[in-house]
Undergrad: 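I'd like to ask you about the structure that follows.
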Amino acid sequence: MRGKLYICPTPIGNLEDITYRTLRILNEVDLIAAEDTRHSIKLLNHFEISKPLTSYHEHNKDSKGGYLINKLLDGENIALISDAGMPGISDPGEDIIREAIDNNIEVEVLPGATAFVTALVGSGLNTKKFAFEGFLDRDKKNRREQLESIKEESRTMIFYESPHRLKDTLKDMSKVLGNRKISINRELTKKYQEVIREDIDKAIEIFNEKEIKGEFVLIVDGFKGEKTQKSNYDNLTEREFVIELINNGMDKKDAIKTVCKERKLKKDVVYKQVLDL
C-alpha cells in the first residue's frame with residue numbers, strides 16, 4: 001500500500017498561525033521533508049514534534065525527489081513543509097508534487113498561511129482578478145523584458161522580492177510600468193511587519209532613505225490605459241518585422257535577436273537585411 005504526501009503550510013511569521021490539522025499531520029507522518037532543516041527544526045521543537053527530518057530544496061530536488069518517491073511507494077507517509085507558507089509556491093515543492101502524481105501517489109494539500117494572499121487582501125487594490133508573478137529575474141535585462149511582457153496586464157499583479165534587489169526592481173517597475181499604485185509588504189505577521197501603500201515613485205523615495213531588511217511581497221495595480229493594438233508580424237518580412245519592433249521601443253540588436261528566434265533564422269540572415277538601419 002502506497003503512502004500519502006501531505007503538503008503542510010507553515011506560519012509566514014507568527015507561530016500562532018499554524019493550524020491544528022497541520023500539527024496533527026506533522027505528528028503522525030513517518031518523515032518530514034523540509035526546505036531548510038535548520039530553520040524547520042526550530043518550528044518542530046516549539047510544538048514538541050519529534051519526527052525524522054530530511055532536506056528537500058532547489059539544489060537537491062533531483063536526487064532527493066527520487067528518495068522521497070521511493071519512501072512513498074514503500075508505504076511511508078511524508079509531510080512536505082517550506083520555510084514559510086505554502087509549499088509549491090515559488091519553491092521546488094511543485095516538482096515533488098508532480099512526481100508523486102505521476103507515480104499515482106495520493107497528494108493531500110492542507111490549507112494555511114500564504115504570504116501573497118495575505119498581502120493582496122490588505123493592499124486596498126483590486127482583488128477580483130489578480131496574477132501571481134513570483135520572483136522576477138535577477139538579471140536587469142531579463143527583468144525588464146519580463147516587465148515589458150506584462151505591462152498591459154489589467155489584473156492586479158503580485159511579486160516576491162528579496163531586500164537587496166528591492167530598489168532595482170522598483171526602479172525598473174517605474175520605468176516600464178509607469179508610476180502606479182503599489183502595496184509593499186515587509187515581514188508579514190512578524191514583530192516588525194510593515195505595509196507601505198503608495199505609488200511606485202514615492203516608494204522609491206521612501207526606500208532610498210531607509211535600511212532595507214526582510215522579505216517583501218509587492219502588490220502592483222493593473223494596467224488602466226488602452227491596450228496597444230499588436231501588429232500581425234506573420235505577414236511581415238524579416239526587415240519589416242525588425243522595423244516594427246524598433247518602432248515599438250526595442251533597440252536594433254534585441255529586435256534582430258527576437259526576429260531570429262521567432263523565425264528560426266541565423267543572425268547573419270536577418271542582419272544583412274537591416275544593415276542600412
Undergrad: Return the minimal non-hydrogen interatomic distance between Pro92 and His57, and the atom names on each side.
TA: CG-C, 3.6 Å
Undergrad: Glu28 versus Tyr6: any side-chain heavy-atom pair under 4.5 Å?
TA: no
Undergrad: Begin with the C-alpha distance, continue with both residues' side-chain angles, and end with the deciding distance and a verdict on side chain to side chain contact (heavy atoms under 4.5 Å, CB included) for Ile81 and Ile32.
TA: CA-CA 7 Å; Ile81 61 177; Ile32 297 172; 3.8 Å; yes
Undergrad: Charged N to carboxylate O below 4.0 Å: is that the case for Glu215 and Arg186?
TA: no
Undergrad: What's the separation between atom CG in Asp62 and atom CD in Glu58, rounded to the nearest 0.5 Å?
TA: 8.5 Å
Undergrad: Taking all heavy atoms of Leu31 and all of Leu53, pick out the closest pair and write down the distance.
TA: CD1-N, 4.2 Å
Undergrad: To the closest 0.5 Å, what do you measure between CZ (Arg2) and CG (Leu73)?
TA: 5.5 Å
Undergrad: Given 3.5 Å as the limit, does a donor-acceptor pair link the side chain of Thr189 with the main chain of Asn14, or not?
TA: yes
Undergrad: Same cluster or not: are Leu236 and Val270 linked, directly or through other Ile, Leu, Val, Met, Phe, Trp or Tyr residues, by side-chain heavy atoms under 4.5 angstrom apart?
TA: yes
Undergrad: Any chance you could lay out the side chain to side chain contact (heavy atoms under 4.5 Å, CB included) test for Leu5 and Leu80, step after step, and finish with the verdict?
TA: CA-CA 7 Å; Leu5 177 62; Leu80 178 68; 4.3 Å; yes
Undergrad: Ala255 and Leu245: which non-hydrogen atoms are nearest, and at how many Å?
TA: O-CD1, 3.7 Å
Undergrad: Indicate the atoms forming the closest heavy-atom contact of Ile25 with Cys8, along with that distance.
TA: CG2-SG, 3.9 Å
Undergrad: Establish, from distance only, whether the side-chain atoms of Thr19 and Thr22 form a donor-acceptor pair under 3.5 Å.
TA: yes
Undergrad: Would you call the rings of Phe216 and Phe207 parallel, tilted or perpendicular if under 30° counts as parallel and over 60° as perpendicular?
TA: perpendicular
Undergrad: For the residue pair Lys4 and Val107, establish whether any side-chain heavy-atom pair is separated by less than 4.5 Å.
TA: no
Undergrad: Is there a side chain to side chain donor-acceptor pair (under 3.5 Å) between Asn60 and Ser55 once you walk through the steps?
TA: CA-CA 8 Å; Asn60 74 351; Ser55 65; 3.2 Å; yes
Undergrad: Looking at Lys140, I want to see if its NZ is surrounded by more than 12 non-hydrogen atoms of other residues, nucleotides or ligands under 6.0 Å.
TA: no
Undergrad: For the CZ atom on Phe132, are there more than 12 heavy atoms of other groups (residues, nucleotides or ligands in this structure) within a distance under 6.0 Å?
TA: yes
Undergrad: Tell me whether Ile101 is reachable from Ile96 by hopping between hydrophobic residues (I, L, V, M, F, W, Y) whose side-chain heavy atoms are closer than 4.5 Å.
TA: yes
Undergrad: Do the side-chain N and O atoms of Thr156 and Lys129 include a donor-acceptor pair separated by under 3.5 angstrom?
TA: no
Undergrad: Side chains of Lys167 and Asn208: does their closest heavy-atom pair fall under 4.5 Å?
TA: yes
Undergrad: Atom CG in Leu218, atom CG in Leu166: separation rounded to 0.5 Å?
TA: 6.0 Å
Undergrad: For Lys51, does the NZ atom sit with more than 12 other heavy atoms under 6.0 Å from it, leaving out its own atoms?
TA: yes
Undergrad: Can you tell me if Lys181 has over 12 outside heavy atoms packed within less than 6.0 Å of its NZ?
TA: no
Undergrad: Quick one: does Asp91's side chain have a donor or acceptor within less than 3.5 Å of a partner on Gly88's backbone?
TA: yes
Undergrad: Charged N to carboxylate O under 4.0 angstrom, Asp251 versus Lys253?
TA: no
Undergrad: Can Glu194 and Lys210 be counted as an ion pair, charged N to O under 4.0 angstrom?
TA: yes
Undergrad: Hydrophobic clusters here meaning ILVMFWY residues chained together by side-chain heavy-atom distances under 4.5 Å, can you tell me if Ile200 and Phe223 are in one?
TA: no
Undergrad: For Gln273, does its backbone N or O pair with a side-chain atom of Arg239 as donor and acceptor, under 3.5 Å?
TA: yes
Undergrad: If I compare all heavy atoms of Asn77 with all of Val29, which pair ends up nearest, and what's the gap?
TA: O-CB, 3.5 Å
Undergrad: Thinking salt bridges, do Lys141 and Asp254 make one under a 4.0 Å N-O criterion?
TA: yes
Undergrad: So, Glu240 side chain and Thr237 main chain: donor-acceptor pair closer than 3.5 Å or not?
TA: yes
Undergrad: Considering non-hydrogen atoms only, spot the tightest contact between Val220 and Leu177 and give its length.
TA: CG1-CD1, 4.2 Å
Undergrad: Looking at Lys175 and Asp172, is any side-chain nitrogen of the basic one under 4.0 Å from a carboxylate oxygen of the acidic one?
TA: no
Undergrad: Indicate yes or no: at least one non-hydrogen side-chain atom of Ile7 is less than 4.5 angstrom from one of Leu110.
TA: no
Undergrad: Within the 3.5 Å criterion, strictly below it, is a donor on Ser174 or Asn179 matched to an acceptor on the partner's side chain?
TA: no
Undergrad: Would Glu94 and Arg98 pass as an ion pair if we require N to O under 4.0 Å?
TA: yes
Undergrad: Does a salt bridge link Arg144 with Asp137, judged by any charged N lying under 4.0 Å from a carboxylate O?
TA: no
Undergrad: Do Ile184 and Ile219 belong together in a cluster built from hydrophobic side chains that touch within less than 4.5 Å?
TA: no
Undergrad: Does Leu125 form a side chain to side chain contact (heavy atoms under 4.5 Å, CB included) with Arg197? I'd like the steps, not just the answer.
TA: CA-CA 10 Å; Leu125 299 176; Arg197 301 177 184 90; over 6 Å; no
Undergrad: For Ala84, is there any backbone N or O sitting under 3.5 Å from a side-chain donor or acceptor partner on Ser82?
TA: yes
Undergrad: Keeping the roles fixed (side chain from Ser123, backbone from Leu120), state whether a donor-acceptor pair exists under 3.5 Å.
TA: yes
Undergrad: Go through Ile150 and Glu133 one step at a time and tell me if the side chain to side chain contact (heavy atoms under 4.5 Å, CB included) criterion holds.
TA: CA-CA 10 Å; Ile150 57 175; Glu133 297 293 336; 4.0 Å; yes
Undergrad: Report yes if the side chains of Tyr160 and Val217 come closer than 4.5 Å at any heavy-atom pair, otherwise no.
TA: yes
Undergrad: Do Val274 and Ile256 have side chains that approach each other closer than 4.5 Å (heavy atoms only, starting at C-beta)?
TA: yes
Undergrad: Does a side-chain N-to-carboxylate-O contact under 4.0 Å join Glu108 and Arg21?
TA: yes
Undergrad: Give, for atom CD1 of Ile204 and atom CE of Met173, the distance between the pair rounded to the nearest 0.5 Å.
TA: 10.0 Å
